[in-house]
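Have a look at the structure below before the remarks.
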Amino acid sequence: MLDLTRWGPNGPEQPHPAAQVEALLRANLPVDRVAPIYTIGSAADSSSYAYPDPRSDLSCDGTYGPSLAPWDASVDERCGERGLIQVHNGVAVDDGTALDVASNGGYPDARAVVAAGVVAVTNPQYLRADGTVVVKVSPPYDPGQSAVGTSERTLVLPARLVRRAGGTPIDMIVVPPALVRARGYSVIPDAVMASTTRVPTAAEAERADSALADAGIDGGLVVERGYQSDYDIGLVALAVAAAVVTLGATGIAVGLAAADGRADLATLAAVGASPGVRRRLAASQAAVIAGTGVVLGVVAGGVPGLALIWMERHGSGTFDQTWEFIPPWLSLTSIVVLVPLVAVACGWLFTRSRLPTLRRVTL
């Protein structure tokens, strides 16, 4: 995503050319599809700020949470699905191309709705009971006008809800250009959005930024890389610490058990037990001790987490669905599976298969 707004000393000026931006993006990034995002401008082609106005009679706390799970049955179904991603300001003036690229073809009915001269709405919170949508339009930036005197216009447009059939959930309204021009506004390019065949590398993104800057385009390239956890290093450190503690405790327990059972193992060897019996016994003890320890540890750690999530979701008096219990499966798998396997391997490798005779008994 790249903002095309060109800022001058007196506010926004003519936007950067979308065709030039598209060419630079295709030359430096693994671009699949490109779509310009058009917005509502004044008659003088100076950019305005437009955004959809949601209904005030709905209570939809936590609508934009990270989950794509359906709403709870107690929540008004008119709130729509969760996890909608708002692109730019949530308003696109075109034939549905921008929504198609942003959602990866998730709203196949949007083009037909826009072609019929009706606003396509992906979020039912914007759709009024009378089948209209309200768009707030702020006038172009004027350095000589105070914020108190700024007037905001309201556009009431016919709209229809479009359902997602797949792809990415997007929060957007798509306005037919004819409706905008009929209200006395113009349609001007505001941003360029591109889908890629893969996630661009940091070097590719830096090269694209440099090419755009050399061309005098300083809108700021934004590369969406999906969810980036801030706790990866912490989780790895916790997993390593848990592994060290578990292996250490297992080694001590197996060593004490082996020392306590030396006489029994010597007796077994004397009556014909194979040399590998001692190793197999140590490996099985390590498996039981380490396996039991990690399972109890995961359960003991998960219960407080579930309790915290429950309190955050219900503690304020309203049901806040933005809090969800998402286990770190990679770390848990490494602890529950890999740690016992390492303990078994250490028990097998570091245990001698033969013991010296402890004493001789003369009969």
Dump the intermediate steps for side-chain contact (heavy atoms from CB on, under 4.5 Å) on Ile217 and Val21, then the final yes or no. CA-CA 8 Å; Ile217 302 171; Val21 172; 3.5 Å; yes
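- Minimum interatomic distance between Ala290 and Ala343 (heavy atoms only, all atoms of both residues): CB-CB, 3.8 Å.
- When all heavy atoms of Val91 and Ala50 are compared, the pair lying nearest together is CG2-O, 3.8 Å.
- Following chains of ILVMFWY side-chain contacts shorter than 4.5 Å, one cannot reach Leu332 starting from Leu238, and the two form parts of different hydrophobic clusters.
- Heavy-atom minimum distance, Ala159 versus Val121: CB-CG2, 3.7 Å.
- In this structure, the side chains of Leu157 and Arg183 come closer than 4.5 Å at one or more pairs of heavy atoms.
- Taking 4.5 Å as the limit, some side-chain heavy atom of Val137 sits within range of a side-chain heavy atom of Tyr185.
- Counting heavy atoms from C-beta on, the side chains of Glu204 and Arg198 come closer than 4.5 Å.
- Other residues, nucleotides and ligands contribute more than 12 heavy atoms inside 6.0 Å of the CZ atom of Arg128.
- Counting heavy atoms from C-beta on, the side chains of Tyr126 and Ile173 come closer than 4.5 Å.
- Summarising the geometry, atom CG belonging to Leu221 is positioned 12.0 Å from atom CZ belonging to Arg207; distances are rounded to the nearest 0.5 Å.
- Just one residue in the list Val119, Thr132, Val134, Ile40 forms a side chain to side chain contact (heavy atoms under 4.5 Å, CB included) with Leu155, and that residue is Ile40.
- Pairs of residues two or more places apart, or lying in two chains, never qualify as salt bridge (Lys or Arg N to Asp or Glu O under 4.0 Å) while including a residue from residues 328-341.
- Partners of Asp94 by side-chain contact (heavy atoms from CB on, under 4.5 Å), not counting sequence neighbours, listed by chain and number: Tyr38, Ala92, Thr97, Ala98, Val174.
- Put simply, CG on Leu84 and CD1 on Ile170 are 8.0 Å apart, with the number rounded to the nearest 0.5 Å.
- Hydrophobic cluster membership is shared by Ile85 and Met172, with clusters built from Ile, Leu, Val, Met, Phe, Trp and Tyr side chains linked at under 4.5 angstrom.
- At a threshold of 4.5 Å between non-hydrogen side-chain atoms, the residues Val87 and Asp171 do not count as touching.
- Residue Pro124 comes nearest to Arg55 through the heavy atom pair O-CD, 4.4 Å, listed as atom of the first residue, atom of the second, then distance.
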If you apply the rule side-chain contact (heavy atoms from CB on, under 4.5 Å), what do you find for Thr154 with Lys136, and how did you get there? CA-CA 5 Å; Thr154 299; Lys136 298 288 187 177; 3.2 Å; yes
Taking it one step at a time, do Val298 and Val336 satisfy side-chain contact (heavy atoms from CB on, under 4.5 Å)? CA-CA 8 Å; Val298 169; Val336 175; 3.7 Å; yes
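- A salt bridge does not link Arg163 with Asp109: every distance from a Lys NZ or Arg NE/NH1/NH2 to an Asp or Glu carboxylate oxygen is 4.0 Å or more.
- Of the candidates Ile37, Leu99, Val222, Ile37 is the only one forming a side chain to side chain contact (heavy atoms under 4.5 Å, CB included) with Met193.
- Thr250 is listed as a side-chain neighbour of Val254, based on a closest heavy-atom distance under 4.5 Å.
- In this structure, Asn89 and Thr39 have side chains that are not in contact, with every pair of non-hydrogen atoms separated by 4.5 Å or more.
- For the atom pair OG1 (Thr246) and CD1 (Ile335), the distance works out to 7.5 Å, reported to the nearest 0.5 Å.
- Considering every non-hydrogen atom in both Ser334 and Ala239, the closest pair reads OG-CB, 4.2 Å.
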Is there a side-chain contact (heavy atoms from CB on, under 4.5 Å) between Cys346 and Val342? Walk through the geometry before answering. CA-CA 6 Å; Cys346 291; Val342 172; 4.1 Å; yes
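- Atom CD of Glu22 sits about 10.5 Å away from atom CG of Leu24, to the nearest 0.5 Å.
- Leu341 and Val244 are members of different hydrophobic clusters when ILVMFWY side chains are connected at heavy-atom separations under 4.5 Å.
- Linking Ile, Leu, Val, Met, Phe, Trp and Tyr residues whenever their side-chain heavy atoms come within less than 4.5 Å leaves Leu179 and Val156 in two separate clusters.
- In this structure the side chain of Val192 reaches within 4.5 angstrom of the side chain of Val34, judged on heavy atoms.
- Minimum interatomic distance between Pro108 and Ala165 (heavy atoms only, all atoms of both residues): CD-CB, 3.9 Å.
- Distance alone, capped at 3.5 Å, is enough to place a donor-acceptor pair between the Arg164 side chain and the Gly167 backbone.
- Remark: Glu206 CD to Asn28 CG distance equals 11.5 Å, nearest 0.5 Å.
- Arg33 contributes atom CZ, which lies 8.0 Å from atom CG of Asn104 (distance to the nearest 0.5 angstrom).
- Here the side chain of Thr292 pairs no donor or acceptor atom with the backbone of Ile289 at under 3.5 angstrom.
- Side-chain heavy atoms closer than 4.5 Å link hydrophobic residues (I, L, V, M, F, W, Y) into clusters, and following such links, even through other members, never connects Leu306 to Val303.
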